[in-house]
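As structure tokens, the structure follows; a few thoughts come after it.
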Number of protein chains: 2
Amino acid sequence: MDRQQTHCCGARVDCANCGIRPIAICGALAPIALGKLAAIAGSRRVDAGAQLIQEGEHAQDIFTLTEGMLKIYKLLPDGRRQITGFMIPGDLVGLAYGDSYIYSAEAVTDIVACRFRRGSLLALMADHPELEHRLLSRAGNELAAAQAQMLLLGRKTARERVASFLLGLAGRLDLGQGEPMPLPMNRGDIADFLGLTIETVSRTLTLMRKAGQIALPDKHSVTIADLASLRAASGD
Amino acid sequence: MDRQQTHCCGARVDCANCGIRPIAICGALAPIALGKLAAIAGSRRVDAGAQLIQEGEHAQDIFTLTEGMLKIYKLLPDGRRQITGFMIPGDLVGLAYGDSYIYSAEAVTDIVACRFRRGSLLALMADHPELEHRLLSRAGNELAAAQAQMLLLGRKTARERVASFLLGLAGRLDLGQGEPMPLPMNRGDIADFLGLTIETVSRTLTLMRKAGQIALPDKHSVTIADLASLRAASGD
DNA sequence: CGTAGACTTGAACACTGTCAACTTGAGTGG
DNA sequence: CCACTCAAGTTGACAGTGTTCAAGTCTACG
């Protein structure tokens with residue numbers, strides 16, 4: 001049950017076979033070829049608000065997030081921003097299209113990430129096809145999330161978007177029963193993730209609070225007070 | 001220059017080395033392990049308007065589109081629809097999340113697709129890691145497209161969306177100079193792709209026509225009359 | 001021709017955005 | 001400890017883009 005190994009970057013590696021969700025495992029990659037992965041891995045810390053990667057840059061590294069939260073986003077030339085995802089420990093950051101990163105990534109909180117040189121990882125994959133298999137499965141997950149987000153952005157109302165966002169985050173964060181959910185990102189980030197404005201996000205949260213669907217103990221946490229009602233409000 | 005091979009499903013296989021874009025190659029997969037791929041491939045024809053796969057269904061097959069156009073989409077329970085992509089020859093359809101398809105796919109025109117049993121393909125990948133590599137690269141492309149579409153849906157105006165759509169499609173379809181671009185999908189499909197209504201799409205196309213940016217010889221074709229202006233109108 | 005479906009156009013409306021004022025709370029320094 | 005400051009968030013009034021609803025128009029097809 002606790003065949004854990006400590007890794008380069010201090011993350012725990014839970015046994016994939018006994019059903020414990022492998023968090024923070026030099027993320028998506030371990031527990032495959034762990035020793036060899038460790039040999040090519042480095043650690044990287046980034047302060048809240050600082051950037052990890054930038055869209056268009058040469059994609060030299062791939063990261064797996066081990067601590068904290070990261071937002072990935074794209075910008076239009078005039079500054080409009082679309083956050084395409086919030087990454088949590090275990091997530092993979094830096095999949096590239098061709099040679100360049102397809103999005104920028106900025107730390108929401110202080111973060112710790114495991115860094116792999118792209119070249120080294122590719123070389124390692126040649127010997128360990130399971131690694132590539134794992135990456136493909138990961139990419140499938142991301143694609144599924146992206147599709148769901150497109151549905152949200154294209155077809156849901158403000159209320160449905162906020163409800164979906166809260167439920168989606170809660171589902172990924174495995175929280176204790178009744179425990180308030182941390183919302184480390186600010187309202188602007190939520191707005192840019194949901195394709196809304198700060199004001200609309202704020203108003204919608206207030207409405208949900210007044211409707212008894214959620215509680216807002218402080219600006220950076222939420223409690224889901226009425227799960228069924230929130231689900232009904234999410235549109236799906 | 002014309003080292004072509006004819007394949008199970010009648011598609012041409014252009015030599016990847018001489019720079020010809022490999023269209024309709026049992027799509028994304030060939031020219032890897034062509035013989036073995038051919039051995040496990042089947043052909044599937046679908047009439048315009050009929051469904052190829054359905055969201056949530058057991059994902060038994062993977063397809064590569066060889067002829068025609070396919071739309072992939074997700075639905076909300078109340079019927080709202082988001083089209084997440086239009087597939088053209090060479091594209092891969094049916095990447096799954098876990099065991100189930102994450103979207104439905106319906107033929108826009110009559111189509112021909114190459115069908116691979118998921119299991120057979122997985123088995124073949126065990127012997128040919130390049131196949132998996134190819135799939136991963138394909139998934140990366142799709143992810144990049146999904147991110148761009150999220151930016152469009154979350155942050156662009158109606159005009160920018162339509163302009164981006166036309167430019168994006170034109171970029172994929174390699175057309176002859178001055179040749180009108182076919183738009184086999186109807187206005188409702190475009191609307192559901194861009195997160196707009198039929199009326200807004202229609203109005204916007206009319207505005208663009210009156211502004212001299214495009215011409216609309218008939219309802220199912222467009223000519224880009226002023227590329228620079230259309231680019232400027234696309235927001236990026 | 002006549003019909004039906006797809007598309008276009010028009011007018012009124014509504015959801016969300018914009019602009020502006022106000023509140024809150026964390027951090028700072030006297 | 002308290003006043004001050006500033007950024008983040010909330011709330012309100014109004015405006016605007018895109019939606020909704022409702023007629024028209026076009027075109028393919030019998």
Side-chain angles (χ1 to χ4, degrees), chain A residues 47-49 71 76 78-83 106 108-109 152-166 182-211 214-222 233 235, chain B residues 48-49 71 76 78-83 106 108-110 152-166 182-211 214-222 233 235:
Chain A
D47 291 340
K71 61 192 177 206
L76 287 175
D78 66 4
R80 280 173 289 172
R81 182 179 66 159
Q82 179 66 38
I83 293 184
E106 182 181 319
V108 173
T109 64
L152 179 150
L153 292 169
R155 287 298 177 223
K156 287 188 182 176
T157 65
R159 189 142 196 185
E160 290 169 337
R161 293 181 199 206
V162 174
S164 298
F165 166 65
L166 295 175
L183 281 186
M185 71 293 284
N186 59 32
R187 298 291 188 263
D189 291 338
I190 299 176
D192 281 348
F193 181 57
L194 299 179
L196 300 170
T197 59
I198 293 178
E199 293 92 330
T200 299
V201 170
S202 181
R203 271 188 259 271
T204 306
L205 286 172
T206 301
L207 282 175
M208 288 178 166
R209 181 174 54 69
K210 288 182 177 166
I214 59 172
L216 297 164
D218 66 277
K219 284 167 185 172
H220 289 288
S221 33
V222 202
Chain B
K71 61 193 177 205
L76 288 173
D78 65 5
R80 280 175 288 173
R81 181 179 67 158
Q82 179 65 39
I83 293 183
E106 182 181 319
V108 173
T109 63
D110 294 351
L152 179 149
L153 291 169
R155 288 297 178 226
K156 287 188 181 175
T157 65
R159 189 142 195 186
E160 290 169 338
R161 294 182 200 205
V162 174
S164 299
F165 165 66
L166 294 176
L183 282 185
M185 71 293 283
N186 60 31
R187 298 292 187 264
D189 291 337
I190 298 175
D192 281 349
F193 181 57
L194 299 179
L196 299 170
T197 57
I198 293 178
E199 292 92 331
T200 299
V201 170
S202 179
R203 271 188 259 272
T204 306
L205 286 172
T206 301
L207 282 175
M208 289 178 166
R209 180 173 55 72
K210 288 182 177 167
I214 60 172
L216 297 164
D218 65 280
K219 285 166 186 172
H220 290 286
S221 35
V222 201

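These numbers come from the heavy atoms of this one structure, side chains and all, not from hydrogens, waters or symmetry mates. Quick note on labels: first sequence line is chain A, next is B, and so on, each numbered from 1.
- Listed here is the closest heavy atom pair of B:Arg159 and B:Ala211: NH2-CB, 3.9 Å.
- Rounding to the nearest 0.5 Å gives a distance of 6.5 Å between CG of A:Asn186 and NE2 of A:His220.
- Rounded to a whole Å, the NE2 atom of A:His220 is 12 Å from the P atom of C:dG25.
- Of the charged side-chain nitrogens involved, at least one lies within less than 4.0 Å of a carboxylate oxygen, so that B:Arg80 and A:Glu160 count as a salt-bridged pair.
- B:Ile198 has its CD1 atom 15 Å from the P atom of C:dT9, to the nearest Å.
- Nucleotide C:dG17 holds its P atom 16 Å from the CZ atom of A:Arg159, rounded to whole Å.
- Put simply, CG on B:Asp192 and CG on B:Leu194 are 9.5 Å apart, with the number rounded to the nearest 0.5 Å.
- A:Leu183 contributes atom CG, which lies 5.5 Å from atom CZ of A:Phe165 (distance to the nearest 0.5 angstrom).
- We find that CE of B:Met208 is positioned 16 Å from C1' of C:dT8, with the value rounded to whole Å.
- Counting only distance, with no hydrogens or angles, the side chain of A:Arg161 and the backbone of A:Leu153 share a donor-acceptor pair below 3.5 Å.
- The interatomic distance linking B:Ile190 (CD1) with C:dA6 (P) rounds to 14 Å, in whole Å.
- A donor and an acceptor atom never sit less than 3.5 Å apart when one is taken from the side chain of A:Arg187 and the other from the base of C:dT24.
- Whole-Å rounding puts the A:Arg81 CZ to C:dG17 P distance at 15 Å.
- Nucleotides of DNA chain D nearest to A:Leu205 and A:Arg155 differ in position, and the one nearer the 5' end is that of A:Leu205.
- Taking 4.0 Å as the cutoff to heavy atoms of chain A, we find the contact window on DNA chain D bounded by D:dG9 to D:dA13.
- At C:dC7, none of the side-chain N or O atoms of B:Ser202 fall inside 4.0 Å of OP1 or OP2 (strictly under the cut-off).
- Rounding to the nearest 0.5 angstrom, the gap separating the CZ atom in B:Arg187 from the OG1 atom in B:Thr200 is 13.0 Å.
- Taking CD1 of A:Ile190 as the start and OG1 of A:Thr197 as the end, the distance is 12.5 Å to the nearest 0.5 Å.
- At least one side-chain nitrogen or oxygen of B:Thr206 sits closer than 4.0 Å to the OP1 or OP2 atom of C:dT9.
- Between the CG atom of B:Asp189 and the C1' atom of C:dC7 there is a distance of 13 Å, rounded to whole Å.
- Nucleic acid contact class of A:Leu196 (heavy atoms, under 4.0 Å, all strands): sugar-phosphate only.
- When the P atom of C:dT16 is taken as reference, atom NZ of A:Lys156 falls 14 Å away, rounded to whole Å.
- Judged by distance alone with a 3.5 Å cut-off, a donor-acceptor contact links the side chain of A:Glu199 to the base of C:dC19.
- For the helix from C:dC1-D:dG30 to C:dG30-D:dC1, the angle separating the two terminal helix axes comes to 30°, with each axis derived from five pairs and the value rounded to 10°.
- By the 4.5 Å heavy-atom criterion applied to side chains, A:Thr204 and A:Met208 are counted as neighbours.
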